[in-house]
S.K.: 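A single structure is presented below for examination.
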Amino acid sequence: MTDFKLNGREVSLSIPEDTPLLWALRDELRMTGTKFGCGIAQCGACTVMIDGVASRACVTPVAAVAGSEVTTIEGLEGREAAAVREAWVAIDVPQCGYCQSGQVVAATALLRETPKPSDEDIDFAMEGNACRCASYVRIRQAIHDAAAKLEG
Amino acid sequence: MTKIAPNRREMLAGAAGLVIGLALPGAARAQSGAAAVIRGEADAVFAPNAFIRVAPDNTVTVLIKHIEFGQGPMTGLATLVAEEMDASWDQMRAEHAPSDPQIYANLAFGIQGTGGSTAIANAYLQMRRAGAAARAMLVAAAAARWGVPAGEIAVAEGILSHPSGKSASFGELAEAAAGQAAPEAPRLKEPSEFRLIGTDRPRLDSRAKSTGTAKFTIDVYREGMLTVAVAHPPKFGAVVASVDETAALAVAGVERVARIGAGVAVYGRNTWAALQGRDALEIDWDESAAETRSTDELARIFAEAARRPATPVEGGGDVDAAFAAAATTHEAEFEFPYLAHAPLEPLDAVIEHRGDSAELWMGSQLQTVDHQVVAGALGLDPAQVRINTMLAGGSFGRRAQPTSHLAAEIGEIARAAGPGAYKLLWTREDDITGGHYRPLTVHRLRGALNAEGRISAWENTIANQSIVAGSPFEMLMQDGVDATSVEGARDMPYAWPAHRVSWARMEAGVPVLWWRSVGHTHTAYATEVFLDELLAKGGQDAVEGRLRLIRGDRPRDRAVLERVAEISGWQGPGRGDRALGVALHKSFGTHVAMIAEVSEADGMPKVHKVWAAVDCGVAVNPNIIRAQVEGGVGYGLSAALHNELTLEEGGRVAQTNFDTYPLLRIPEMPVVEVSIIASAEAPSGIGEPGVPPLAPAVGNAWRVLTGAAKRRLPFAAPERDLGRA
């Protein structure tokens with residue numbers, strides 16, 4: 001039995017403890033915004049926040065989040081999250097869209113840490129999130145736009 | 001994939017009467033998969049044709065016959081409808097059309113399918129006619145209700161109005177419009193009347209894709225559904241000899257193991273159980289028919305073939321005499337690896353098998369073929385099978401499978417286990433090692449210069465596997481040549497005094513497939529890098545030299561090259577410690593020129609900025625055109641810098657996941673500036689044409705920086721001498 005808080009709500013799962021958090025979220029809890037891309041923490045499609053830190057759900061055993069607070073794209077709240085989402089929509093960042101949940105979570109985590117990120121800050125924070133459509137030009141722009149809006 | 005119709009223009013002209021044909025009699029509707037949607041599973045009350053539904057809540061939903069995997073058909077086709085309806089953009093919605101080989105055919109293919117960058121091109125008039133017909137019926141309904149002549153009614157932003165002050169929304173008139181006859185030949189707008197086409201439209205799917213609510217195939221969960229992982233052969237052509245499933249069945253949550261054509265299927269109550277179960281299988285593979293040669297060996301064989309006379313593709317003038325008379329000659333061999341498409345959503349499909357019917361959820365790119373294969377696997381008539389085309393997490397050609405291997409796999413999974421719901425999920429390892437790659441290719445180029453340093457002869461011999469030979473698309477073979485093997489190496493924009501292009505068809509056990517821009521992926525690099533070398537040897541500027549060579553009948557190529565030179569401030573290739581490289585390439589009817597600004601870092605190119613000039617005819621949505629070129633630059637750069645699939649000695653694929661097949665990341669992404677040529681020509685493709693010129697533009701800058709052209713891609717792979725086989 002693993003208990004943790006998901007998007008502000010207590011959940012309790014009776015599944016093998018080595019089950020990756022990714023599959024617990026998707027198969028058991030139907031939080032399908034978090035995606036599977038590689039299974040080895042190489043693409044970032046499964047990025048969620050664990051106790052506020054952007055983490056790869058595909059290599060995190062569900063047992064490791066016992067007692068923790070897990071936030072997925074569905075539960076992402078706050079002014080940074082709102083600014084990121086709006087910036088993403090405003091300049092049509094997504095193409096296929098499959099990686100974008102992870103991108104939005106990672107960008108939100110960046111702006112919480114670094115309200116006015118430089119291009120180098122963006123490179124460092126977002127390098128782990130692959131976009132096969134290469135929407136990177138707009139990801140970079142949208143992060144700057146969101147930062148500007150938060151500042152304004 | 002390349003265009004399938006031999007004459008796309010004629011196909012489009014032939015589509016003129018199509019919308020009329022869409023007013024199916026009731027019986028035909030009932031036969032078609034479209035019936036349920038046309039009748040309005042939602043609360044649509046006005047369905048003027050197979051593409052448009054107007055609901056009382058004033059939304060206009062366009063049924064999109066092409067799969068949306070990022071390239072934007074949902075937004076683009078909806079724009080065409082909204083333009084002619086005079087709808088408000090805010091009221092537009094889009095969803096995938098059901099599978100129907102006639103109603104929802106790609107007019108360039110003759111069946112339902114997406115590829116060859118044809119979505120806007122084939123649907124341009126069709127969708128506009130559909131929208132114009134709907135508008136006319138709404139106007140007729142308003143005229144009848146208000147007792148005024150139809151000609152006095154204006155439509156703007158989704159509101160019909162009459163000078164008397166009467167007005168109504170589409171939603172308010174929907175029910176009445178449903179009783180009006182569809183016009184035979186609705187008037188289409190003149191381009192001067194366009195208010196949406198040619199302007200930046202926001203994508204209809206951006207919000208859902210930015211909030212995690214967009215639903216992909218992997219997100220489909222059905223009652224009692226089992227998740228299936230399949231152990232695929234470790235080498236191409238290997239088959240199961242025997243399997244011990246004891247340990248797999250002992251894994252908690254594993255329900256069943258079945259041998260299917262594709263390998264061994266493990267059915268789990270959830271994904272983790274299926275994956276653990278697959279790991280626990282003990283399989284002996286029969287490798288007697290497997291491809292066991294390494295890619296090193298294949299490349300040598302291909303290079304050897306490229307050095308011999310091969311099947312003629314195109315030619316003119318006396319090549320041999322020109323070489324004999326040349327002041328200077330130059331030759332080079334270029335090697336291109338197998339490439340995986342690696343869409344971020346791995347291949348997947350969900351099926352609900354109900355005994356006498358079935359329903360499939362899948363990011364199908366060739367619905368008509370997949371539909372028939374699934375029905376066949378289950379012994380059902382296609383009418384008993386419903387296909388829900390899902391948003392797909394990328395494709396780049398990977399989901400367009402002439403063999404329908406994924407549809408066959410999910411069909412067999414359902415047949416083996418009987419009625420129930422099943423989700424087939426490939427892992428990244430299945431994807432990277434699973435074949436269906438961009439073909440390994442060798443180009444051998446020879447060029448002759450005369451005493452003035454001008455090119456007097458051009459020869460190109462290409463060796464690779466055929467994508468279409470032996471597939472259901474075999475009709476694409478022309479005079480023994482697979483057009484997708486050589487596209488871009490023929491019909492070049494340049495006037496060669498003498499030239500010869502040939503193709504050597506290679507055989508290997510590695511399945512190959514069209515990969516975003518297909519043959520152009522390698523022909524653009526080989527031809528444009530070699531041309532740059534010849535121009536340099538002749539003392540010519542890379543831009544001026546090309547302009548001098550461009551044929552008189554290729555003004556659009558000239559225009560994009562001049563435009564890109566202008567916006568980049570081209571004054572020759574040098575720019576401080578950086579260099580500029582240029583490339584020009586036409587694909588899928590679209591002309592693109594690029595200039596890349598590059599420096600050297602740790603023995604690799606660092607691309608700082610890319611300028612692109614694009615002529616794709618009428619620019620329906622410049623916002624999406626720019627996005628596709630930006631993405632094409634990134635996709636092309638990932639391959640140019642990093643990506644290759646190699647077979648080790650014995651035939652195993654060496655790369656398995658993104659740790660060994662690294663994708664381009666944000667720090668490597670250049671700034672991209674796109675300039676779109678204003679044009680009144682028919683719209684052409686944009687999903688693929690941004691890819692081909694990127695690698696040669698980088699390669700040409702690289703030669704300026706280092707003094708040596710890169711002969712083998714990716715840049716991360718060391719150069720090698722392919723010697724004699």
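Source: prediction; values computed, not measured. Computed over heavy atoms, backbone and side chain alike; hydrogens, waters and symmetry mates excluded. Order of the sequence lines sets the chain letters (A, B, ...), proteins ahead of strands, with each chain counted from 1.
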S.K.: Applying the side-chain hydrogen bond (donor to acceptor under 3.5 Å, both in side chains) test to Gln95(A), which of Gln71(B), Gln628(B), Glu630(B) qualifies?
M.R.: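 Of the listed residues Gln71(B), Gln628(B), Glu630(B), the side-chain hydrogen bond (donor to acceptor under 3.5 Å, both in side chains) partner of Gln95(A) is Gln628(B).
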S.K.: Among Leu22(A), Ile122(A), Asp18(A), Asn129(A), single out the residue with the greatest number of heavy-atom pairs under 4.5 Å to chain B.
M.R.: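 The option with the most such pairs is Asp18(A).
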S.K.: Please determine whether a side-chain nitrogen of the Lys or Arg among Arg26(A) and Asp219(B) lies less than 4.0 Å from a carboxylate oxygen of the Asp or Glu.
M.R.: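 Salt bridge flag = yes for Asp219(B) with Arg26(A).
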S.K.: Are Glu345(B) and Arg132(A) close enough for a salt bridge, meaning some N to O gap below 4.0 Å?
M.R.: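 Between Arg132(A) and Glu345(B) there is no salt bridge, as every charged N stays at least 4.0 Å from the carboxylate O atoms.
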S.K.: Do you know which of Asn623(B), Asn621(B), Thr75(B) makes side-chain hydrogen bond (donor to acceptor under 3.5 Å, both in side chains) with Asp92(A)?
M.R.: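 Passing option: Asn623(B).
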S.K.: Return yes when atom CD of Glu223(B) has more than 12 non-hydrogen atoms of other residues, nucleotides or ligands closer than 6.0 Å, and no otherwise.
M.R.: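 For Glu223(B), atom CD is not crowded (no more than 12 foreign heavy atoms under 6.0 Å).
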S.K.: With a 4.5 Å heavy-atom cut-off, do Ile218(B) and Tyr98(A) have their side chains touching?
M.R.: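 In short, these two side chains touch, coming nearer than 4.5 Å.
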S.K.: Between Lys215(B), Met225(B), His341(B), which has the largest tally of heavy atom pairs under 4.5 Å with chain A?
M.R.: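 Looking at each of Lys215(B), Met225(B), His341(B) in turn, His341(B) comes out on top.
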S.K.: Is a donor on one side and an acceptor on the other found under 3.5 Å between the side chain of Asp27(A) and the backbone of Asn270(B)?
M.R.: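 It does not hold such a pair.
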S.K.: Using modelled atom types only, decide if a donor and an acceptor are shared between the side chain of Asn657(B) and the backbone of Ile40(A) within a distance under 3.5 Å.
M.R.: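 A pair under 3.5 Å: no.
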S.K.: Working to the nearest 0.5 Å, report the span between CG of Asp200(B) and CD1 of Ile91(A).
M.R.: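 If I round to the nearest 0.5 Å, the distance is 12.0 Å.
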S.K.: I'd like to verify something: which residue of Phe216(B), Tyr221(B), Tyr635(B), Phe658(B) has the highest number of heavy-atom pairs under 4.5 Å with chain A?
M.R.: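 Option with the greatest count: Tyr221(B).
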